[in-house]
There are 2 protein chains.
Amino acid sequence: MSLPFPPVAPGSGLAEKCPVRDVLDRIGDRWSLLVLLVLAPKTLRFTEVKRAIGDISQRMLSQTLRTLEKDGYVTRTVYPTVPPKVEYCLTELGGSLLARIAPLVEWANANHDQVRAARDAYVPPSSATPL
Amino acid sequence: MSLPFPPVAPGSGLAEKCPVRDVLDRIGDRWSLLVLLVLAPKTLRFTEVKRAIGDISQRMLSQTLRTLEKDGYVTRTVYPTVPPKVEYCLTELGGSLLARIAPLVEWANANHDQVRAARDAYVPPSSATPL
DNA sequence: CAGCATCCGGTTGGATACTG
DNA sequence: CAGTATCCAACCGGATGCTG
């Protein structure tokens, strides 16, 4: 087994201030990554993002976009027209984050079958070897 | 703005069968990534993993390791000794996944400050410009 | 040592209804 | 169109106590 990794901070309680955790806690929710992905090709309006994802509720999209904006991953531009028009666009920060996630996405696409196979093949420990 | 990304699957309802989501749903929880990280350098016993992380409960560690094992990211080896001894080790699949996460970890470490700064500088929309 | 079972509070996120 | 507010169910995860 290779160990493609620098040592994690030694000692105890590394979860709290760990930057990866802080980033992943946001990106790792149900929708953030997906929103970043659909925004990657081009700037989109609220409804366009919603349509692109399909099964996200208005509430969660709004909330997710707000958080992404807050963390500096997307910009929110309001045009004072009627009806209102709001555009969301990846920032450089968001783009650079997404670039690091790209390999992960490719990996997931390539290895998803293997993971699913592992899940299917899995037998829980101590089945008590019944009959 | 650059767009360092292939287009996401068009149409609707892409969340369900999206491999990235399926992978991230596991890795994105509170502990999975951390466990993978501490296992990266070397095989560890249950208690060693627990100590390495510090503030994970026995319940969550057990549960997390089980899921990681089920997905094929770690192996679980039981030595029929007394007291019992169980070792956890990254599989190749887990190692390759971790390799794709490495850039993300580095990014997080490098840009954490910027994200935090963005959060602090953020002002919610329509503050109603009070006084 | 390495867990599992139970309880139980906080958070996540969906459905719905309403607003500028 | 682009949200906000409210309600509510499901799930996550911590604390504790008990086993082989």
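Reminder, nothing fancy here: chain letters follow the sequence lines and each chain counts from 1. Just so it is clear, the structure is predicted and the values come from calculations on it, not from any experiment. Only heavy atoms go into these numbers, but all of them, side chains included; no hydrogens, no water, no symmetry mates.
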Student: At less than 4.0 Å, is any side-chain N or O atom of Arg76(B) found next to OP1 or OP2 of dA2(C)? Yes or no.
Tutor: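 Checking Arg76(B) against dA2(C): no side-chain N or O falls below 4.0 Å of OP1 or OP2.
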
Student: Which nucleotide sits closest to the side chain of Asp29(A): dG13(C), dG3(D), dG13(D)?
Tutor: dG13(C)

Student: Heavy-atom count around Arg116(B) CZ within 6.0 Å, excluding the residue itself: above 12?
Tutor: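 No, because the 6.0 Å sphere around CZ of Arg116(B) holds 12 heavy atoms or fewer from other groups.
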
Student: Keeping Ser32(A) on the side-chain end and Arg26(A) on the backbone end, is there a donor-acceptor pair under 3.5 Å?
Tutor: yes

Student: Separation of Leu65(A) atom CG from dT4(D) atom P, in whole Å?
Tutor: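 From Leu65(A) CG to dT4(D) P: 10 Å.
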
Student: Using a 4.0 Å heavy-atom cut-off across all strands, classify Arg45(B) as base, sugar-phosphate, or nothing.
Tutor: sugar-phosphate

Student: Return no unless some side-chain N or O of Tyr88(A) is found under 4.0 Å from OP1 or OP2 of dG3(D).
Tutor: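 Checking Tyr88(A) against dG3(D): at least one side-chain N or O falls below 4.0 Å of OP1 or OP2.
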
Student: Below the 4.0 Å mark, does dA17(C) have OP1 or OP2 next to a side-chain nitrogen or oxygen of Arg59(A)?
Tutor: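 For dA17(C), neither OP1 nor OP2 has a side-chain N or O of Arg59(A) closer than 4.0 Å.
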
Student: Would you mind telling me which residue lines up with the more 5' stretch of DNA chain D, Glu87(A) or Gln63(B), judged by nearest nucleotide?
Tutor: Glu87(A)

Student: Return no unless some side-chain N or O of Arg66(B) is found under 4.0 Å from OP1 or OP2 of dC4(C).
Tutor: yes

Student: From dC7(D), dC1(C), dA2(D), pick the nucleotide closest to the side chain of Thr47(B)?
Tutor: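 Selected nucleotide: dC1(C).
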
Student: Closest to the Gln58(B) side chain: dG17(D), dC1(C), dG13(D)?
Tutor: dG17(D)

Student: Indicate yes or no for a side-chain donor-acceptor contact from Thr64(B) to the backbone of Met60(B) under 3.5 Å, with no hydrogens or angles considered.
Tutor: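 Yes.
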
Student: Of the listed nucleotides (dC1(C), dG13(D), dA2(D)), which one gets closest to any side-chain atom of Phe46(A)?
Tutor: dA2(D)

Student: May I ask you to verify if any side-chain N or O of Ser62(B) is less than 4.0 angstrom from the OP1 or OP2 atom of dC4(C)?
Tutor: yes

Student: Between Lys50(B) and Leu61(B), is there a donor-acceptor pair closer than 3.5 Å when you use the side chain of the first and the backbone of the second?
Tutor: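 Not a single qualifying donor-acceptor pair exists.
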
